[in-house]
Number of protein chains: 2
Amino acid sequence: MRIDGNTELIAHIGWPTYSFKAPLIYNPYFEQAGINAMVTPMGCKREHFAEFLRNVFNLENVRGALITMPHKVSVLSLLDVVSPAVRVAGACNAVKRGADGKLYGDMFDGEGFVRGVQRKGFEVSGKRALVVGAGGVGSAIAASLAGAGVSELALFDLNAASCDALASRISANYPDVKISKGSNDPSGFDLVVNATPLGMKEGDQLSIDVSRLDANTFVGEVVMTTEVTAFLAAAKARGCRTQIGTDMLYEQIPAYLEYFNLPSTTAEHLREVSLA
Amino acid sequence: MRIDGNTELIAHIGWPTYSFKAPLIYNPYFEQAGINAMVTPMGCKREHFAEFLRNVFNLENVRGALITMPHKVSVLSLLDVVSPAVRVAGACNAVKRGADGKLYGDMFDGEGFVRGVQRKGFEVSGKRALVVGAGGVGSAIAASLAGAGVSELALFDLNAASCDALASRISANYPDVKISKGSNDPSGFDLVVNATPLGMKEGDQLSIDVSRLDANTFVGEVVMTTEVTAFLAAAKARGCRTQIGTDMLYEQIPAYLEYFNLPSTTAEHLREVSLA
């Protein structure tokens with residue numbers, strides 16, 4: 001990787017930085033593709049973030065910023081324009097400066113999920129989807145499914161208040177989507193997503209009743225620590241098509257590349273060159 | 001070069017960035033030596049510099065900053081503690097944060113020059129030196145020669161006021177060194193330095209009367225665009241030992257590495273792995 005005076009930076013801002021994955025995915029791709037850009041880890045504590053963000057966008061060779069913990073929520077108040085996905089998720093992980101000088105924010109976790117299933121041949125538009133888990137990632141996926149035109153979006157979380165709040169945010173930002181109350185019963189849905197952390201640990205009780213999964217349901221997972229979780233294994237055993245958690249990760253990178261107006265590529269290629 | 005969440009940054013701050021050489025010298029060395037650090041170009045215009053400098057030192061993984069045009073002079077007012085070399089040169093190109101939270105500034109252009117001649121076997125201490133050119137680089141070299149214990153430092157510049165000002169700054173910071181008025185006549189000096197830009201262009205009139213160079217005088221050059229300038233060629237023809245301009249560049253890097261508390265190496269090794 002040749003870094004020189006023409007290198008553009010994508011500031012990767014968070015703290016702690018030690019487990020940052022983005023530099024290990026983007027930079028090998030940039031090098032391999034001859035793109036003179038670099039995702040640069042910048043360890044920024046909470047108390048310095050607001051001022052740092054403003055200042056880093058005063059640099060001439062900063063093309064954008066990837067925002068991660070603990071700033072994904074607090075960054076919202078520092079932006080001029082945010083996307084519906086950001087408003088629904090209540091979190092933002094990509095910031096760029098517009099030609100108008102304003103700071104724009106977006107987030108593509110949900111977009112990565114949707115791109116992944118679509119590229120696996122599952123057309124989201126017009127389908128009935130169940131999202132279990134109304135936290136950050138569930139909210140993001142629900143927003144992107146709404147944006148992609150599902151005919152019905154069923155939401156379920158053991159925390160009913162959090163589930164209702166997500167339903168309200170979706171309604172406010174995607175007024176045309178039909179929202180319903182889901183349960184742990186996946187039967188009758190075209191697409192079912194586990195957006196809970198259940199499945200990260202061996203022996204976790206599953207958030208979804210796999211015994212009621214239809215064989216023609218497409219099943220997606222967000223847990224990344226295990227490739228084929230118990231939930232996905234059960235779904236596969238019932239004949240379902242599936243998407244693993246890290247697909248969401250790699251599928252969202254092309255969306256960020258496009259957002260930063262950099263030459264994009266496929267998730268497969270990114271996975272292939274990645275050091276992560 | 002593997003950039004990950006443990007990578008430490010040396011912020012290379014200036015504008016424009018296009019001709020930055022430091023990333024091309026330091027980074028290949030870091031990669032080759034397995035040092036997880038990176039000189040990162042940060043294009044910062046004059047109006048944003050003061051605030052940016054303060055903010056970049058609020059990051060957790062910034063080990064220091066290299067400061068270049070147009071901020072080498074203005075940075076002085078932003079620092080808490082500066083070295084005698086900085087005070088004499090009136091310029092600073094390395095900043096780090098102390099354990100006390102204060103910002104410290106130093107500059108090693110002159111140190112690079114002195115290290116180079118010393119490593120070529122010329123002991124500076126106790127010698128009579130003539131520095132021609134009282135600009136930024138001449139001031140830096142004069143300061144380092146004073147710090148290295150020359151017995152006499154003769155200064156000459158066609159701009160007498162600038163020469164007198166340099167003499168005053170040296171006296172103030174190195175009260176023990178004997179300063180004298182030099183001329184373009186190098187005879188009788190142990191060390192003679194061209195610290196003017198004369199020699200960058202073919203046919204430049206030389207700043208020093210080479211016909212009066214003694215064969216046992218050590219002759220140094222700061223012009224970097226040509227390796228063996230007309231001045232050095234004439235000095236060599238008279239039997240003088242010489243130092244080329246880029247030696248000053250490569251010899252100063254170990255000083256910066258030490259300043260930033262990074263594993264250091266030789267100028268030769270840096271030149272060998274450099275992409276500059």
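Here is how names work: the chains are called A, B, and so on, in the same order as the sequence lines, proteins then strands, and each is numbered from 1. Values in this document were obtained by computation on a predicted structure and should not be read as measured data.
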Would you say NZ of A/Lys102 has more than 12 non-hydrogen atoms from neighbouring residues, nucleotides or ligands within 6.0 angstrom? no
Among B/Leu53, B/Asn55, B/Val56, find the one that has a side chain to side chain contact (heavy atoms under 4.5 Å, CB included) with A/Asn55. B/Asn55
Quick check for you: among B/Met38, B/His12, B/Lys21, which has the greatest number of heavy-atom pairs under 4.5 Å with chain A? B/Met38
Separation between CD1 (B/Ile3) and CD1 (A/Ile3), nearest 0.5 Å, reads 4.0 Å
Let me know if A/Asn58 has heavy atoms under 4.5 Å from chain B in its side chain, its backbone, both or neither. both
Where does A/Val62 contact chain B at under 4.5 Å (heavy atoms): side chain, backbone, both or neither? neither
Could you state the interatomic distance from CD (A/Glu8) to OG1 (B/Thr17), rounded to the nearest 0.5 Å? 9.0 Å
To the nearest 0.5 Å, what is the distance between OH (A/Tyr18) and CG (B/Asp4)? 11.0 Å
In terms of heavy-atom proximity below 4.5 Å to chain A, should B/Leu24 be classed as side chain, backbone, both, or neither? both
Correct closest heavy-atom pair for A/Leu59 and B/Phe52 would be CD1-CZ, 3.5 Å
Could you check whether atom CZ of A/Arg119 has more than 12 heavy atoms from other residues, nucleotides or ligands sitting under 6.0 Å from it? yes
Closest heavy-atom pair, B/Pro41 versus A/Asn61, reported as atoms and distance to 0.1 Å, is O-ND2, 2.8 Å
With rounding to the nearest 0.5 angstrom, report the CZ to NE2 distance, A/Arg54 to B/His48. 10.5 Å
